[in-house]
Each structure stands twice: as structure tokens, then as C-alpha cells.
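Okay, so here's the structure we're looking at.
Residue numbers begin at 1 in each chain, while the letters A, B, ... track the order of the sequences.
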Amino acid sequence: MKEKPYDFREIEKKQQKRWKDAELFKTTDDKDKPKFYGLDFFPYPSGAGLSVGHCRNYIPTDVICRYKRMKGFNVLHPMGWDAFGLPAENEAINKKSHPKKTVPTYINTYKRQMDTIGIGYDWSREINSSSPEYYKWTQWIFELLFKRGLAYQDFSPANWCPKCKTVLANEEVVDGLCWRCDTPIEKKQLPQWFFKITEYAERLIDDLDTINWPDSIKLMQKNWIGKSEGAEVTFKSESGEDIVIYTTRPDTLWGVSFMVLAPEHPLVEKLCSPEKREEVAEYRKLAERQSAIDRQSTDEEKTGVFIGAYAISPLDGRKIPIWISDYVMMGYGTGAIMAVPAHDERDFAFACKFGIDILPVIKRVDGMSKTIVPISCDIEDGLKGISFKKDEKYYYIHFAEKDAERVIDLIKGALSEKDFAPVVGTKWGIITKGEFNEWTSFEKGRELLEIVKSFDSSIKAGLLMEYYNTIDFFKDILFHTDKGQLINSDPMVMAFSGSEAKTKVIEYLEERGLGHGTVNFKLRDWLISRQRYWGYPIPIIHCEKCGAVPVPEDQLPVMLPDVENYVPTGDGRSPLANIPEWVNTKCPICGGDAKRETDTMGGFACSSWYFLRFTSQHRDDVPFDKELANYWLPVDLYVGGAEHAVMHLLYARFWTKVLYDAGLIDFIEPFYCLKNQGMVLVETPHKQLIKEDGTKTKDYVPITPEEEAQMDPGDVTYKFTKMSKSKKNVITPDAMAEQFGADSLRVYELFVSPFEEAIMWSNDGMIGASRFVNRVWRILDGYRDRFDKDYAGKIDEEIAQNKEAKSLRRKLHQTIKKLDSDINDFKFNTGIAMVMELLNEMQAFYNKLGETGKSAVFSEVCENLILMLSPIVPHMADEIWEDYGFEGFTLDMPYPVCDEEAAKDDEVEIVIQILGKVRAKISVPADTTPDEMEKLALENETIKGLLEGKTIVKAIKVPKKLVNFVVK
RNA sequence: GGGCGAGUGGCGAAAUGGCAGACGCAAAGGACUUAAAAUCCUUCGGUAGCAAUACCAUGAGGGUUCGACUCCCUCCUCGCCCACCA
């Protein structure tokens, strides 16, 4: 027999052509079959092309889709292009080209690369979000939202990126910087279009329970939506204005020491006293100028101004000073808060900074004496602290902060008389080795403190001794709990404690008409306007008489006009505003002169419904076929990076719910199962960052290979980072397919680490994967001429005679079972490891078989190996399949099924332990009963010897696993 | 500051209460070869020992259990996400 070399370049090209010619991946809408919809995140086609990082996303989805197809599912596995939006436009500007030209080129590259690694997409359903056929329907959905009152225009201070010259959504602002170009964001007052996603906040939280997503992503969405329950309370100012505040801690109402409004709060103007007017105006100006980053920083000292006005407490008629400060934000709640320094850390810090009187705590911690027994709570010679006993351990807490006196006052207030019961005078002490040592003098105490300070914190824990120099420890007691009994409040509510107190106070307020319970969300409405060219025009016509009118459906799409110069002007208007012949139009209602909306929509609109379009991409009369959408959706498997946790995934869920409400679909969530693949990191040269004064910092920055070549090798450090074009460290799938083959690349990415974990790209690992693939080929090809299709009838005879054949067959069926369940669980790495074990056994068997030996079992193993590997190494599988004389494609074959009988072990090795330590191992028939196992264990010579003179108290027996003797 | 996750050989990793290190990489030895590559066959956590074997070992310390990488408590380190949301 002539050996056929594994020429993967030739083979992969050939099989890809066969697949294409046979339209192998074309999906039919056969509604009788169970369906499987596998989808990858909608990629933005960039000039950089695909990297092996993208493949980490596409390969596993492809494996699952191929596997599901072999399992008899009707599989939909489409791909499309998120081609509209800022990234595409910015890239085109940089290249001094037009996105209309660059986008198709990039798409072609992506498609070619995806085909190169053998991803089985149904290209007949390809979608390009920048094509009028697609964006017509995105505009249609905009109008649907508009008609349902979910799209509105509003003047608002928007996040403005001066470099991208556009407004950004909250989600697109990262650390106060533009998520694309890292430019600090400014605030700019502009008329903007919003989607009312806040109306769906509750459902967006609740429905998370119905989908199978990673917990971390669900949690991120929950935190982003940020539901909190509390109350709105109305205070009257001295001048008679109503000031409504929002609080989540109505139970602390009687502790209101002052009040804070957001600087831009509309009442500030009215309330401000004449003599404070100037100061207030100045502060407001300052706050306005501050960029998003300053305002969000927690480290900043609190700033604020007293506006010279007072509110009257509706509870007791007390005068409450009103302040403004930028730690209160207009966008959340009512933009006004009641400040309770005794129970809120920020209010406390503010009160300390400005010397505002603090009312005592109004909630006393229940049963504090059970957990904390203060020994002393005083201030002595500048040393401020509290000693106490907790859980039988002694602690001393020293407050180094300048407001320690006030903290200690509050703590005293939070303790009841009985908490102080064991206190004897002002007894100072310190605990070492669990012993309480009284401080005989201040010097002695200081000395001990110094020693303790120098201890490593782990040692401190070991000594039952802890030292704090902050108020951290009491945060839980004072600021971060609603536990405790109400005190210093109205007698009507004082009987209550814990979270019940909160409910009762809300009732108290509602009865007296002072306020009511309410729910607030951190989520803001979704800002969709972009003052940029490369997006689809918002289909609205502004008429002076009729207002904002949606473009009639039969006039959709509103085509994006062709313009030569699309570079943003930076005046806050889109380039479309400079095309009068496009802007000027007639009102669809009254026929009078009107102007088109010139803003375009952000790219997230396109990706908020594309998964629906794939089901019926051909329809030009509806956005999607309702029946087909209901058949295919929700998506059964959605794979992509975790970085889209809040933006895309939240918007797509929102639109799906809107479409459901409009009766267009029958499901409430778009993606049933979500998986996040790990990143691919690559070793990249870095240099140490040197400060201006020449000192070295701890930070390293990546450098390009050219920079590396110019540097002293000693100064270069290698670290694993994400691939990026600017670092010039991108590894492309094309290069890997050329060097090792697409099938080897697929194996490498699946095998090297668990699916969710980041992988450190390694060429050696790639070689290992390629070695495995080659080995599979060599064995299968080597047996090609001896392969016997009619092996089935000859198996029984062979395994009866040949123990090794039986054992190999067992391994085969165990592997089928393991790989099958591992693919289902996304545990590709261990599944492939098991195939490697099978291959090792095959190799040993094959070696014994020699050049000419034949085996029915080996034929069975070969056929099943080809089929079970088909989703993973499809090119090779189909090539060998042909070589073995089979017709058609492995993808059309049923996936191998485990023969449970064949997979059963005859004998198992059990471990014999004495007191949990392994002392012997014996091999027993698999069906040995626990009692027989014990008997056999006791007969073992080694065990006999070790048990000599000992009494067996108990024998723990685990079938097929172990016997453990507990002895005395 | 808050939340989530992780920490196991020289390296990527396996084992989710039952033999720690499957599988792979790297390394070492052998076979084949004029030679190299490739391939095939071995060895491969540490300490002691010729060996059988024994002891140690899953970030550190404690606990639960007949038995802990796995569960609980305390601490350390790293990563990611969020961050003045009243």
C-alpha cells in the first residue's frame, strides 16, 4: 500500500470546495426537526482582519453546530457584519478612504479567513448591517419604538468625545474616557434621541432568571441596572418650596442633619439666599466644568457650598441646612438627598469636612453585646481608639483619622448601656498570644502598639490580635447595615428593628402624606444619537407644525446619502446637516416645509435585532418572518467575549421585549444560552516606564518588534497581552493554517485550556496539536487498505479471543461517551485528552498488528474515530472518509453512539486504605459487592500485616473505588 | 472602596468529598538513519534509598470528615468588572 502523506494544504482546500459545491451548510427551514440556533457575536469587520483570538470564538461554536447537526438537529449557523458605526468610520478616515469602499474589502477578508479555518456558516443568509436592505428594517424598528413612546428627543448634557466628535452612550464611557480612543469625555448640551430602556428595567432584571447565562454576566447586568428600593420624602423649605428627596434608608430619617442638592438641581436658584448667591453660582459653574472623571472619583475630597437656606423637618420642625455638592447627582433619584452622617459614610465625610453638627445614631445595633464587648471607649493623650472583645478574641482599634472623636461618639451611640456593662473604668490593654495585657502606662501602650504595627497581618491573626487605623471595622455596624433597633426616633416607630423598620417608616410617611415608597434604577435611558456620517439616518422629519414625524413606512429606508467628505465637523451636528437638498423635505402629515433629522444611530441599534433577521434574510416586506423567528429563536447558543456584558446584551434583550410587546414574536429573551470564550494572549515585548526624573516605575508598556530590535535585550521584559494591530503582535489564522493546517489550529485552540480561560499562545503547543492530528492521520491512513466495512458481524468472535481487542473496544466506547458529554459541556480540552488516550491505545494495538494484520475491532475504532472527530477536524475527517470508500460527508452521518455494554469495565482497581492512607491496591471484578471488597481487602498480605494487633472500628466501602479501615 | 473569579510539577492543565498531577508541552535516554529532521519505544513533582518502599507536597494557617485540591473560617497574592447611585 502506498502511504498518502498528510498534505493539509491540499486536503483543506479540496474539502472546502466540496462543501461549497454541495451547499453543505445551507440551512433549510424544516420545522419538523428539532432546531439548533448557534450564533457568534456580530463582528465589526476591521482592516486588521481576523486573529487567532477571534477563532477562539468561532471554532467552538462551529464544533457544537457540526456536532448538533450529526445528532439530528436542524442547525442554523449564520454570520453577518456589524459594518455601521464609529469604528468603521474612524478606520476609513485614517486610511483616507470611504467606509463604502473599505467595508466590503474587509468583509471579503473576514469571509476568506473564516472559510480557511473551516467554519461552516450558511453564507446564503449573510447580513451586512450597512446595506439598505438591512437598515430599512432597523429604521422600521426605530419607528416602532417611536410609535410606542419608547423613542424621544431631549436636550441633555451628553457625553461628548472631542476626538470622535460625537456623543456617546453611558456604556461607552469607560473611566471617564471614550471607550474607543481614550479621550476624556466632556459634557455638552445637545438635542439627543433616547430609547426608554428604563421603562423595561424591572423586566430586564427579572427575566435574567429565565436564561442560562454565566452568573457573572447576569450579575453585571443586575448591577448595571442597579435596582434599589427606598422612599421619596417631601421636605418644605423655609420659603415654602417642596423639596423631594430620595433615600434607601427611610429608617434613618430622624437622623437628618443636613440636606444636599445636586449643583444643577432646579430649586437651587430659588432657594439660595442673596448673600450666598455668588458663592453658589461659582460652585455650580465649577461643577459643570468638571469632566466625568473628576466627578466619579471617590478619592477626591468632598466639595460643596451651603446655600444659606433651610428646610423644615416634617417630623419635628427642626431647621435643616441645605447644601449643594457634586457627590449628589441630578440623574439619579430626585437629585436631592437627606444627609444622615450617623448612617452614611459619604454624609459623614461631608459633615466632618464642613463641621456640620451630626445628630446621634438613630438605629442601635441589636445584640451587639453578644458579639462585641467594649472594654474601653475613650480618648487618652492623643491616642484615640476602642478596645473590645469579639468572639472571645480581643481587639484594639485605633483611629488615626482626624475625625476620630466623632466616630467614637457615633459608636458610643450605637451601643446600649448593657454593652458597657463589663467595662471597668478606662482600662487600656493589648492582646498578645490571646492574653489581655493591661496597659500600665501610655508609654507602655505605645510601645506595644509599635510592635503590633510591625507584624505581618497573618501573624496578627494568629496572635488573636488585630490592629486597625481606619474606621473600616465599624462601617458594617454604622453605615452598611439596616440591622438594629430604632432609637432617637418617633415613638410610633421606635418599637421596630431591622428591615421591618424601613417598611414601618414608609407606612408612617404615607399615612401622614409626607412621602411614599419607591424604586430607583441606576440605568439611564439609552442615548442613540450620533453626530456622525457612517450610520443609518434616524427616520424622523421635523415639521414646525406637526413636530417630530416618523417617515412613512413606504418611504423607508431613508437612504444614507452619498457624500465625498464625511469627516465630522465638530460643531455638534452630523455631516448630513451640510446637505441642504437632503435635509429639506416636506412634512408627511401637512405637506409643509420640513427638515430631516440629521443624526444617525449608534452601531448598537444594528446589533440589537440582527439575530432575528438571519431567520428570514430574504424577506423585503417585513423585518423578519414571524413564524420562522418563533421556530428558530431564542438562540440556543450565543458565543462571544465578556466585554459586551452590559452594552450589546442589554440592548438586544430590550429590543426583544419591545418586539414581544408589539406582538411580533412569542419569546421574551433573545439568547437562551450564553458562553464567553477566554481571550488569546500573546507574549509581547515590554519596556519599563521611566518617569521624567529618570526613576523607574513599576509599570510596563508594550513595544513593537521594531522598537524591541533597537533596545538593549536586557531592558526588554516579556509579558502576555491581548493582540492588537498597534503592538504588531497579531497572529492570524491564515498563517497558522498555512504552517500547520486549519484542523491543527482548531485542535490547539480547543485543547490548550478550558473554554472560558485565557490562553497564552504558544507555538510549541501548536506543534503538539499538529502532532496529534498528524498521528491520527498516519494511523487511519496506514490502516486504509485493511479497513473492512463489514466489521460488525466479526466483532464478537474477535473480542472473545483477543483480550487486547476487547480492551481497545472498551476504550473506544468510553471515549465516545466522554467526548459526547464533554462537547455538550463545553469541556473540549478534556474530551480531546480522552481521544488522545484512545489514540495511544490504538497506536499500541496497531504496532502489534504489524504491516498486514487485520482486526474487525480496529476497523470499528477507525470508523468511529473519524466520525467523532469530524466536528473538530472536519477537513481531515472528510478526506479520510472518502479514502475509506464512503460516500458523501461525515457531517451527514449520525454521531457515534456509545455501546454501554462494550464500555463497561470487567475489572476495576480498588484502593485499600487504613485511616485514609493508601496501603494497597487490588484488582477486582467490576461487579464485586462492597462486602466482597472488604473480604478481599482483608485477605491482602500487606493489609494483613498492617492490621496486626489493631482493632477495626469501621470499614468504609465505596463500590468500584475503595475500602477504608478505621482502626484503633 | 464594593462585587466576582482564580492560586496544583519547569510550563498549559486534570481530578468538585475517595489513588493528586489524566492529556499535552518542554527535558532526558533508546530504536531507526551515513547524518539530521520526522517517527516509534521508555523515563519524568520533591526528599531518602540499589530497590521494594517510606515520608513530604495542591498560596499560608486553622476547622469539619474515616478520608479534603474539592466543604467551612481567617489571612496573603493575582486577575477581571463596577465604583460618590443616597
Between [X] and [Y], is there a donor-acceptor pair closer than 3.5 Å when you use the side chain of the first and the backbone of the second?
X: A/D344; Y: A/D347; result: yes
X: A/D820; Y: A/I816; result: no
X: A/N940; Y: A/T942; result: yes
X: A/W777; Y: A/K4; result: yes

Phosphate oxygens OP1/OP2 of [N]: is one of them under 4.0 Å from a side-chain N or O of [X]?
X: A/S228; N: B/rA86; answer: yes
X: A/R778; N: B/rA38; answer: no
X: A/Y332; N: B/rA86; answer: yes
X: A/K961; N: B/rA15; answer: no
X: A/R771; N: B/rU39; answer: yes

If you only use heavy atoms from C-beta on, which nucleotide in [options] is closest to the side chain of [X]?
X: A/E837; options: B/rC23, B/rC82, B/rA14; result: B/rC23
X: A/A833; options: B/rA86, B/rC84, B/rA22; result: B/rA22
X: A/D326; options: B/rA26, B/rC84, B/rC4; result: B/rC84
X: A/M220; options: B/rA54, B/rC81, B/rC84; result: B/rC81
X: A/L219; options: B/rA86, B/rC4, B/rC40; result: B/rC4
X: A/P754; options: B/rC40, B/rC23, B/rA14; result: B/rA14
X: A/N964; options: B/rG67, B/rC25, B/rA14; result: B/rG67
X: A/L915; options: B/rC66, B/rC84, B/rG24; result: B/rC66
X: A/I956; options: B/rC25, B/rC66, B/rG24; result: B/rC66
X: A/R775; options: B/rA14, B/rC40, B/rC84; result: B/rC40

Give me the distance, rounded to whole Å, that separates B/rG62 from B/rA68 when you measure between the C1' atoms they each carry. 14 Å
For [X], report the nucleic acid contact type (base, sugar-phosphate, nothing); a contact means any heavy atom under 4.0 Å.
X: A/F965; value: nothing
X: A/K522; value: base
X: A/S762; value: nothing
X: A/V911; value: base
X: A/N829; value: sugar-phosphate
X: A/G226; value: nothing
X: A/N840; value: sugar-phosphate
X: A/N847; value: sugar-phosphate

Given the 90°-from-0 boundary between syn and anti, B/rG62 should be labelled anti
Check: [N] base within 3.5 Å donor-acceptor of [X] side chain:
X: A/E909; N: B/rC19; answer: yes
X: A/D764; N: B/rC25; answer: no
X: A/K954; N: B/rC66; answer: no
X: A/K302; N: B/rC84; answer: yes
X: A/E757; N: B/rG12; answer: no

Salt bridge check: are A/E202 and A/K227 linked by an N-O gap of less than 4.0 Å?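 Salt bridge flag = yes for A/K227 with A/E202.
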Minimal non-hydrogen separation, A/I245 against A/T334, with atom names: CA-OG1, 3.4 Å
Closest-nucleotide ordering on RNA chain B, the 5'-leading residue of A/Q913 and A/S753: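 It is A/S753 whose nearest nucleotide is closer to the 5' end.
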For residues 752-769 of chain A, which side-chain N or O atoms pair as donor and acceptor with protein atoms under 3.5 Å away, sequence neighbours left out?
{"unit_1": "A/S762", "atom_1": "OG", "unit_2": "A/D764", "atom_2": "N", "d": "3.4"}
{"unit_1": "A/S762", "atom_1": "OG", "unit_2": "A/G765", "atom_2": "N", "d": "2.7"}

